[in-house]
Amino acid sequence: MTALPDTSAVGQKKLGLVIDLDICVGCQACAVSCKEWNTQGYSAPLIDDDPYGANPMGPWLNRVHAYEAGEGVDAQVVHFPRSCLHCEQPACVTVCPTGASYKRAEDGIVLVNPDTCIGCKLCSWACPYGAREYDHNHGVMKKCTLCVDRIYNEHFEAEDRVPACVRACPTGARHFGDLGDETSDIAKLVKQREGYDLLPEMNYKPVNKYLPPRARRDKAGTHPAVASLTPRATSGRTGSLAERFFRWVDDKLSG
Amino acid sequence: MHPAYSVILFTTSSGAGYGLLALIGLAGATHGAASSIEFAITTLVVALGLISVGLLSSTFHLGHPERAWRAFSQWRSSWLSREGIVAVATFVPALLFAYSWTFSNQAVALWGILSAVMCAATVYCTGMIYASLPTIRQWRHPLVVPVYLVFALATGATLLLALAHVFARGQLIQVIFSAAGLASALVLKLVYWRSIDSTKPSYTIEQATGIGHLGAVRQLELPHTAQNYLMQEMGYRIGRKHAEKLRRIVVLSLTGGLLFCLLTLVLPSALATAAAILAVLWAAIGAVTERWLFFAEAEHVVNLYYGKPAA
């Protein structure tokens with residue numbers, strides 16, 4: 001049913017991810033691990049067209065972008081994993097004409113039923129975050145399942161009962177837990193690090209949070225390593241005689 | 001947004017069909033049974049044919065057309081579901097109207113008015129599918145639904161004018177409806193374009209990533225080496241010059257259609273029929289080009305994550 005469950009109760013379970021942009025190094029392990037798990041899990045497989053050719057293309061449920069913010073030597077690179085945020089007000093669910101898209105009342109996970117999806121793609125139009133990718137080989141929409149087939153699987157050891165992306169992250173930049181429980185470690189982490197929502201203005205109320213990159217301790221431009229990279233003066237009138245001599249030799253050789 | 005031909009064909013063809021059906025419904029409601037059985041049957045076949053072709057073509061872009069019946073279930077939240085239900089439900093009063101208008105002459109007004117209301121409701125739902133999406137500012141616009149309604153009326157009215165002339169049943173009221181419809185479509189589109197050109201994009205890449213406090217944000221690396229579904233479906237971009245050319249085609253086509261509608265008033269009957277048919281052709285070119293542009297000029301918020309500074 002595409003009508004949304006009431007999730008307003010205090011302590012309502014809201015499973016989700018917290019992604020630490022300060023720590024993520026953009027290694028893509030989470031994305032690869034996600035693809036590997038989900039090509040054999042719920043709504044599997046995730047077929048790529050031309051997988052070993054020049055234009056491999058197919059649904060991935062997690063994508064890691066890299067952005068640059070700021071100018072010049074002080075610009076910062078931010079690696080930015082992007083997947084379904086399991087929103088509390090997901091328009092992708094309410095626009096679904098068949099009820100294939102739904103939000104689970106018990107834990108808030110947003111899922112697509114691959115047996116009833118008609119592949120109209122309207123849900124992907126309704127998502128501002130690009131969380132849904134259409135699989136034309138199956139004719140249905142694919143999206144992050146929060147590894148619903150791992151997190152409740154009692155055949156697994158406790159440490160493996162987390163989404164594949166979280167298990168794979170080598171730097172600890174991904175956290176999984178109940179964001180509806182204020183006493184949970186993950187909720188405390190969000191509070192302590194001032195975790196934020198993506199595009200809160202759109203009012204989709206994402207459950208997943210992002211932890212902002214910490215401020216740099218110094219300006220990169222003042223660091224000795226950067227200062228030594230300052231372009232060489234072109235007029236040869238500065239420095240000691242030896243320095244001027246070697247500069248002259250350098251100019252002749254590189255001329 | 002990527003302009004899918006099946007959706008463009010669906011919305012323009014069924015739009016014209018619903019416009020035509022609504023107008024003959026109103027004609028039946030005001031004039032009673034059809035004066036010519038041939039004219040009545042032809043217009044009904046054209047109207048219901050266009051609607052059916054449109055509805056069928058809308059299923060072509062589905063991944064699983066055989067599951068389309070499931071789309072009737074979620075009317076409480078989904079405009080697409082509502083559109084499907086109202087579109088199919090319209091056939092009930094439409095077929096009853098067809099029978100009463102042509103053969104029985106009973107309750108013509110009731111079924112005629114009910115058909116017209118259902119036609120308007122269907123096109124309204126179609127418009128709302130787009131107008132209800134907060135992710136595309138060019139679609140979440142107060143003129144989107146009126147444009148869908150007016151284009152359906154204008155193309156339907158122009159079709160009615162041509163069919164009436166073919167059966168020697170041209171009347172001033174048909175010219176008034178078609179000319180006024182095309183003129184309103186033209187004015188609404190001009191106002192709409194001016195509005196989307198002058199309003200600022202709703203969101204920036206800094207807002208989308210939430211790291212704007214570090215400075216201006218730009219894409220450094222894409223997450224994948226080839227294209228993906230998002231880039232192909234949402235990342236479609238049309239050049240400004242190309243869009244301007246197509247906008248001029250819409251303006252010229254609608255104006256051409258309008259002029260040919262008016263010409264039917266002054267030309268002798270054979271030429272008037274030709275003019276009315278030309279008016280249909282012009283209106284159709286205008287409507288299809290407009291619908292193509294409606295998709296091509298729509299900028300989805302997800303493009304911010306792919307490096308677009310604002311959307």
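Values below: every heavy atom of this structure, side chains too, minus hydrogens, waters and symmetry copies. Below, chains carry the letters A, B, ... as their sequence lines are ordered, and counting in each starts from 1.
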Using the salt bridge (Lys or Arg N to Asp or Glu O under 4.0 Å) rule, take B:R247 and B:D197 through it: C-alpha gap first, then chi angles, then the decisive distance, then the call.
CA-CA 13 Å; B:R247 285 183 182 185; B:D197 287 349; 2.8 Å; yes
For chain A, find its close neighbours in residues 52-61 of chain B: heavy-atom separation under 4.5 Å, sorted by number, or none.
B:H61
Heavy-atom distances under 4.5 Å only: say whether B:A68 touches chain A with side chain, backbone, both or neither.
backbone
Structural part of B:L62 lying under 4.5 Å from a heavy atom of chain A:
both
Do the ring centers of B:Y130 and B:F295 come within less than 6.0 Å of each other?
yes
Which portion of A:V78 sits near chain B, non-hydrogen atoms under 4.5 angstrom:
side chain
Euclidean distance, A:H86 NE2 relative to A:L179 CG, rounded to 0.5 Å
11.0 Å
Residues of residues 33-58 of chain A within contact distance of chain B, non-hydrogen under 4.5 Å:
A:N55, A:P56, A:M57
If the plane angle is over 60° it's perpendicular, under 30° parallel, otherwise tilted; pick one for B:W139 and B:F294.
parallel
Do any pairs count as a salt bridge (Lys or Arg N to Asp or Glu O under 4.0 Å) and have a residue in residues 116-137 of chain A, sequence neighbours left out, and if so which ones?
A:R63-A:E133, A:D135-A:K142
The interface call for B:Q232 against chain A, heavy-atom contacts under 4.5 Å, is side chain
Could you check, using the six-membered ring where one of them is a Trp, whether B:Y306 and B:H224 have ring centers closer than 6.0 angstrom?
yes
Does any backbone or side-chain atom of B:Y305 lie under 4.5 Å from a heavy atom of chain A? Answer side chain, backbone, both or neither.
both
Criterion side-chain hydrogen bond (donor to acceptor under 3.5 Å, both in side chains) on A:T116 and B:R70, from CA distance to verdict
CA-CA 7 Å; A:T116 54; B:R70 291 184 183 276; 5.2 Å; no
Checking B:I211 against chain A: side chain, backbone, both or neither under 4.5 Å from a heavy atom?
both
Kindly say whether B:A311 contributes a backbone atom to a donor-acceptor pair with the side chain of B:E299 at under 3.5 angstrom?
no
Determine the minimum heavy-atom distance between A:V110 and A:C92, stating which atoms define it.
CG1-SG, 4.4 Å
Ring centroid separation B:H141 to B:Y192 under 6.0 Å
yes
Hey, is A:K209 close enough to A:D197 for a salt bridge, meaning N to O under 4.0 Å?
yes
Quick check on the 6.0 Å ring-centre criterion: do A:H136 and A:Y134 meet it?
no
Looking at residues at least two apart in the chain, or sitting in another chain, which of them share a side-chain hydrogen bond (donor to acceptor under 3.5 Å, both in side chains) with A:D6?
A:S8
Interface moiety of B:E233 toward chain A, non-hydrogen atoms closer than 4.5 Å:
side chain
